[in-house]
Amino acid sequence: MEIRVRIAPSPSGFLHIGTARAALFNYLFARHNNGKFLLRIEDTDVERSFKEMVEIIFDSLKWLGLEWDEPPIFQSKRLDIHKQYVNRLVENGKAYRCWCSQERLKGMQDAARNQKTDYRYDRHCLNLPDYEKKRMLESGTPFAVRLFIPEGKTSFHDLILGDLTKEHKEIDDFIIARSDGRAVYNMAVVVDDHEMRISHVIRGNDHVPNTYKQIIIYQGLGVEPPQFAHLPLILDKDRSKMSKREGAAAVTDYEKQGYLKEAVINFIALLGWSPGGDKEIMQMAEMSELFSLENINPTNAIFDLTKLRWMNGEYIRMTDDNRLVDLIRPFLVEQGLTTNLWINSRWTWMLKFVQLMKERCHLLTEFGELGKYFFVSNFLYDPKGVEKTFKDTDVVSKRLEKWAAVLRATDDFSAKVLEEQLRALSEEMAIKPAELIHPIRLSLSGVTGGPPLFEMMELLGKDDSIARLERAIVFLSKKQM
């Protein structure tokens with residue numbers, strides 16, 4: 001049997017982490033088994049579907065590296081095919097027409113609510129005399145179509161959850177086609193999965209109630225259902241439903257926030273699945289090789305944004321420096337720190353910049369946020385740093401002037417030589433090197449932390465370093481007043 005799986009998002013909104021995780025697991029399962037990963041857009045809900053969202057879904061999947069193997073299927077273009085299958089169920093007595101008005105149905109629902117009982121359709125239209133059904137058909141009275149639920153139960157073996165069973169008395173004769181002729185979700189899914197020859201349906205465990213209904217439809221059509229695997233839900237750290245602040249954000253949001261696609265893919269792969277052992281950092285090819293449904297934990301997964309940030313930092317450090325420059329480029333431009341032309345003309349400088357910063361950044365956006373001072377010199381000094389490091393203004397100012405004098409006299413502005421000169425100056429002044437290093441760092445960057453001071457100065461260059469020291473000396477003189 002050829003392994004054929006699918007992801008079927010609705011273009012009613014962005015692609016979120018839950019759907020992305022389901023897409024990834026389907027993709028990995030297909031690649032592991034030399035099968036096909038397919039894409040279907042479930043856009044039959046006209047009121048809630050947006051064409052622009054289709055392209056966003058495509059772009060999100062492509063950004064994650066989840067390329068589908070056949071042209072995408074649009075459910076809205078298959079309405080006539082759905083109708084044929086609905087008619088087939090009516091003709092073989094597995095479904096029936098329902099002419100009940102909305103008022104009548106609402107009345108029954110209200111009555112059940114008042115009596116605190118479960119609502120169940122009373123099969124009024126199924127039990128109409130044949131002449132009455134004929135009259136309704138000939139008069140053109142609109143009708144929905146309901147699936148007839150026989151007595152008994154439906155059981156299936158879930159590849160993750162194990163054996164599951166539901167008594168039919170808990171399932172109503174649900175509608176499979178609306179009065180406008182359009183098949184509803186459960187009916188359309190069965191038809192499309194059957195025609196796409198889907199072998200395995202891998203989706204969230206919130207779909208388990210739908211699976212029972214879909215199996216009954218498969219049985220009514222006389223076709224073999226696919227195998228089912230229901231994934232655990234993804235919850236926030238407090239085990240509540242994911243909030244937008246955490247994992248419920250759209251996939252496109254993670255790209256905008258500075259996450260690498262490799263890190264996002266690696267992270268969501270571990271939301272419920274484990275390759276065994278304590279291995280966590282994995283590329284797509286390795287995940288495809290190791291993936292199996294048997295290693296999916298049926299208990300709900302916890303979305304930990306802190307771990308995603310950590311993992312993203314690991315991937316940043318693993319990324320080739322040339323690629324990293326390209327990745328941070330749009331963020332630096334958007335932050336108003338530089339231009340594409342400037343970056344292209346100073347590529348070697350940019351490579352040194354990412355080498356200095358990559359150990360300290362967990363997001364691509366942080367290269368600009370934490371390293372802003374490499375691009376601009378009119379920064380403000382950190383108030384806490386000023387209070388602690390610039391406290392004794394007269395002493396600090398004299399130390400900065402001495403260091404500036406050393407820099408003006410040096411011809412070798414390499415980090416190694418700069419460090420030697422600073423240590424020599426501190427020895428000459430009979431102070432600890434840190435008493436020079438801390439005020440110099442604050443003068444050059446406006447902050448108290450960052451990459452090694454001497455490598456930072458080498459990258460800033462002689463003229464810029466001296467200018468920043470002079471600016472700090474002016475700041476200190478004004479502070480004395």
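- For R408, the CZ atom sits in a packed shell: over 12 heavy atoms of surrounding residues, nucleotides or ligands are nearer than 6.0 Å.
- No donor-acceptor contact under 3.5 angstrom links the side chains of T410 and D412, judged on distance only.
- Salt bridge status for R423 with E419: present, with a side-chain N to carboxylate O gap under 4.0 Å.
- The line from CG of N300 to CG of L235 is 4.5 Å long, rounded to the nearest 0.5 Å.
- Within the model, atoms CZ of F267 and CD1 of I281 stand 11.5 Å from one another, a figure rounded to the nearest 0.5 Å.
- One N or O on the side chain of S60 and one on the backbone of I56 form a donor-acceptor pair closer than 3.5 Å.
- F37 and Y27 have perpendicular rings, their planes meeting at more than 60° on a 0 to 90° scale where under 30° would count as parallel.
- Electrostatic pairing of R40 and E42 counts as a salt bridge here, judged by a charged N lying under 4.0 Å from a carboxylate O.
- In plain terms, the two heavy atoms of S397 and I473 that are nearest each other are OG-CG2, 3.6 Å.
- Between S199 and Q227, the side chains place no donor N or O within less than 3.5 Å of an acceptor N or O (distance only, hydrogens not considered).
- Every residue two or more places apart in sequence or in another chain that forms a salt bridge (charged side-chain N to carboxylate O under 4.0 Å, His left out) with D180 is listed here: R182.
- T339 meets the side chain to side chain donor-acceptor pair (under 3.5 Å) test with no other residue; sequence neighbours excluded.
- For residues 323-338, the set of pairs meeting the side chain to side chain donor-acceptor pair (under 3.5 Å) definition, not counting sequence neighbours, comprises E262-R323, D326-R329, R329-N340, R329-N344.
- Partners of S10 under the side chain to side chain donor-acceptor pair (under 3.5 Å) rule, at least two apart in sequence or in another chain, are S12.
- A donor-acceptor distance shorter than 3.5 angstrom exists from the side chain of T211 to the backbone of H207, with no hydrogens or angles considered.
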Candidate pair I437 and L422, rule side-chain contact (heavy atoms from CB on, under 4.5 Å), full reasoning: CA-CA 8 Å; I437 289 173; L422 183 136; 3.8 Å; yes
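- Checked against a 6.0 Å centroid threshold, the rings of Y212 and F156 count as neighbours.
- In this structure, Y259 has its ring center at least 6.0 angstrom away from the ring center of Y315.
- Counting only residues at least two apart or on different chains, the salt bridge (charged side-chain N to carboxylate O under 4.0 Å, His left out) pairs with a member in residues 4-26 are E2-R4, R4-E70, R6-D193.
- The list of side chain to side chain donor-acceptor pair (under 3.5 Å) pairs with a residue in residues 347-368, not counting sequence neighbours, reads R309-E366, D321-Q355, D321-K358, N322-W347.
- Ring centroids of F58 and W68 are separated by less than 6.0 Å, placing the two rings close together.
- Residue A472 comes nearest to F390 through the heavy atom pair CB-CZ, 4.5 Å, listed as atom of the first residue, atom of the second, then distance.
- A donor-acceptor pair shorter than 3.5 Å cannot be found between the side chains of Q75 and Y185.
- The line from CD of E420 to CG of L425 is 14.0 Å long, rounded to the nearest 0.5 Å.
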Full working for side-chain contact (heavy atoms from CB on, under 4.5 Å) between L24 and L64: CA-CA 9 Å; L24 173 61; L64 292 170; over 6 Å; no
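- Taking the six-membered ring for Trp and the full ring otherwise, F29 and H200 have centroids separated by under 6.0 Å.
- Taking the six-membered ring where the residue is Trp, F291 and F25 present tilted rings, their angle falling between 30° and 60°.
- Applying the salt bridge (charged side-chain N to carboxylate O under 4.0 Å, His left out) test to residues at least two apart or on different chains, the pairs with a partner in residues 433-456 are R399-E435.
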Let me have the donor-acceptor pairs involving side chains of residues 382-389, under 3.5 Å, with sequence neighbours excluded, atom names and distances please.
residue, atom, partner, partner atom, Å
D382, OD2, G385, N, 2.9
T389, OG1, G385, O, 3.2

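- Remark: E458 pairs with no residue by the salt bridge (charged side-chain N to carboxylate O under 4.0 Å, His left out) rule, at least two apart or across chains.
- Salt-bridge check for D464 with R471: failed, with every basic side-chain N at 4.0 Å or more from each acidic carboxylate O.
- A distance of 12.0 Å separates CD1 in I176 from NE2 in H82, rounded to the nearest 0.5 Å.
- Heavy-atom minimum distance, P11 versus D43: CG-CB, 3.7 Å.
- Partner of F374 under the side chain to side chain contact (heavy atoms under 4.5 Å, CB included) criterion, out of L332, L460, L337: L460 alone.
- For S292 and H32, the side-chain atoms include no donor-acceptor pair closer than 3.5 Å.
- Closest approach of F331 and G258 over heavy atoms only: CZ-CA, 3.8 Å.
- Taking N33 as the reference, nothing meets the side chain to side chain donor-acceptor pair (under 3.5 Å) condition, with sequence neighbours excluded.
- Applying the salt bridge (charged side-chain N to carboxylate O under 4.0 Å, His left out) test to pairs two or more places apart or on separate chains, those with a residue in residues 279-299 are K279-E286, E280-K307.
- Between Y381 and F379, the ring planes are perpendicular. Angles over 60° get that label, and only those under 30° would be called parallel.
- Atom NE2 of residue H438 and atom OG of residue S443 lie 12.5 Å apart, to the nearest 0.5 angstrom.
- Remark: the N295 side chain and the S274 side chain contain no N/O donor-acceptor pair separated by less than 3.5 Å.
- Listed here is the closest heavy atom pair of S426 and P433: OG-CG, 3.7 Å.
- Contacts of K462 classified as salt bridge (charged side-chain N to carboxylate O under 4.0 Å, His left out), with partners at least two apart in sequence or in another chain: none.
- Here the side chain of T19 pairs no donor or acceptor atom with the backbone of L15 at under 3.5 angstrom.
- For the residue pair Q214 and N186, a side-chain donor N or O sits within less than 3.5 Å of a side-chain acceptor on the partner.
- For the atom pair CG of L363 and CG of L370, the computed distance is 9.0 Å after rounding to the nearest 0.5 Å.
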